[in-house]
There are 2 protein chains.
Amino acid sequence: MSKAPTRIQQRNRTAILDAGLKVFSQYGFRGSTLDQIAEAAGLSKPNLLYYYPSKDAIYTALLERLLETWLEPLQQLDEDGDPISEILGYVHRKLDMSRDYPRESRLFANEILQGAPHIAGHLSGELRQLVDQKAHVLRRWEQAGRIAPIDPHHLIFSIWSLTQHYADFDVQVRAVLGDSDPMAGASAHLDMLFRRMLTPQAEP
Amino acid sequence: MSKAPTRIQQRNRTAILDAGLKVFSQYGFRGSTLDQIAEAAGLSKPNLLYYYPSKDAIYTALLERLLETWLEPLQQLDEDGDPISEILGYVHRKLDMSRDYPRESRLFANEILQGAPHIAGHLSGELRQLVDQKAHVLRRWEQAGRIAPIDPHHLIFSIWSLTQHYADFDVQVRAVLGDSDPMAGASAHLDMLFRRMLTPQAEP
DNA sequence: TCTTGGTTTGACCAACTGGTCAAATCAACG
DNA sequence: CGTTGATTTGACCAGTTGGTCAAACCAAGA
């Protein structure tokens, strides 16, 4: 029987995860230190390890929590909806996530860049299963002529890369664009891009 | 008067840069150790430091070399060529780089993810200058009706993200696709994508 | 108030880190 | 061959790292 967590536990655990997210998303797992996380969380290092038994435990807890959030927008893609609206809805949900949760996006990017040592199983398991399932939906839409011919898997990769780019490469985007906020232009651009890519052309 | 480098110097320096590329591209600057690089290069750690005075020097040398390679494909974009061929040529050059130099791509991604501490100046300097210049070319093509209306900067971001994704997120792409080689499909997909996005539509 | 269990910390440790240095080794030229 | 300068290395160092532990502190219910 595990006890209900106290208020202090809740506060400190969320403070630790938030601090871990901040640090890990910037430096990756190996490049981050417990001291950095402890300071960002406003706790001493031994106190940190009172709530999570190891550096790895903090990182794993973060990734675990992230994976749910990460799959959700794709799960919402509805076969019974209007194809182009559904796909554009997915694009905008993903772009909103890049805007609202850039650290989560960079944490994920860091993990993948390093070869996904902690989540390789999830990628070839849950993620692959979900993607294959939605790829079938896309293929049926395509065969019904409701979207232009396209490789479903690469379409999904395109959505991922185009949206996450604005979080992961934020520094570069801002350096090139100057002061103006990238996200307004990004939203309009991606909307246009996917509309043109997906709208079926009349038969000759 | 600096002496000409000996054969041994050339061999070891390239071995070090190659090892550094391998290690840094996976773990980032902070997450990599001199011991890792030394082992990958087949040298002892003090011998490493005989050729490069510090960890930072190896990393900087790599980034410096990379930046030239990185800008080149965009520089080749020729205002006097056929717009869609020129843009598609750029896309394919970038995709080829993701296929042939994935470690370079991941090194760059790592540096940007960490906030570009070593190359922030280059981004808002040379890179921005080149991008602005080519954005003007794209805008003139657009105003001449030779490509469909588009935001030039975001078009360039799209090319970067879509092509580099196949190097940076290689593990994820392969986990989702299974064994089949991603690059063949990627090339066809991106070709199609940019053609549809850029081909001007007839006026109504 | 006292007790009890959750919470916090200073001191500490072994392993690892980037880097140094003097001495040993090697290559090549005269 | 001997010499000279380039190359390599073992031993070492101070600072950092993830993690431990006993002792101190604190909140809240009896």
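Throughout, protein chains are lettered first and strands after them, A, B, ... in sequence-line order, and every chain is numbered starting at 1.
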Problem set entry | Distance-only donor-acceptor test (3.5 Å): side chain A/Lys45, base D/dG18 | yes
Whole Å only: how far is the [atom1] atom of [X] from the [atom2] atom of [N]?
X       : N      : atom1 : atom2 : answer
B/Tyr51 : D/dT7  : OH    : P     : 4 Å
A/Leu34 : D/dT20 : CG    : C1'   : 13 Å
A/Arg30 : C/dT17 : CZ    : C1'   : 10 Å
B/Asp35 : C/dC16 : CG    : P     : 9 Å
B/Arg11 : C/dC26 : CZ    : P     : 14 Å
B/Ile8  : C/dA27 : CD1   : C1'   : 7 Å
B/Glu39 : C/dT17 : CD    : C1'   : 16 Å
A/Tyr52 : D/dT20 : OH    : P     : 17 Å

Taking the side chain of [X] as heavy atoms from C-beta outward, which of [options] is closest to it?
X       : options                : answer
A/Thr33 : D/dG18, C/dT9, D/dT9   : D/dG18
A/Pro46 : C/dG10, D/dT17, D/dG10 : C/dG10
B/Asn47 : D/dT9, C/dG19, D/dG19  : D/dT9
A/Asn12 : C/dT8, C/dT7, C/dG18   : C/dT8

For this session: Run the salt-bridge test on B/Lys22 and B/Asp18 with the 4.0 Å N-O cut-off and return the result as yes or no.
Result: no
For this session: Flag the pair A/Asp96 and A/Arg93 as a salt bridge only when some basic side-chain nitrogen lies within less than 4.0 angstrom of an acidic carboxylate oxygen.
Result: no
Exercise. Parallel under 30°, tilted from 30 to 60°, perpendicular over 60°: which one fits the rings of A/Trp160 and A/Phe157?
Worked result: tilted
For this session: Grab the two heavy atoms, one from B/Arg196 and one from A/Ala148, that are nearest each other, plus how far apart they are.
Result: NH1-CB, 3.3 Å
Compare side-chain N and O positions of [X] against OP1 and OP2 of [N] and report whether any pair is under 4.0 Å apart.
X       : N      : answer
A/Ser44 : C/dT8  : no
A/Tyr50 : C/dT8  : no
A/Gln9  : C/dG6  : no
B/Arg7  : C/dC26 : no

For this session: Pick base, sugar-phosphate or nothing for A/Leu49, based on heavy-atom distances below 4.0 Å to the nucleic acid.
Result: base
For this session: Measure from NZ or CZ of B/Arg13 to the centre of the six-membered ring of B/Tyr51, then state whether that distance is under 6.0 Å and the direction lies within 45° of the axis.
Result: no
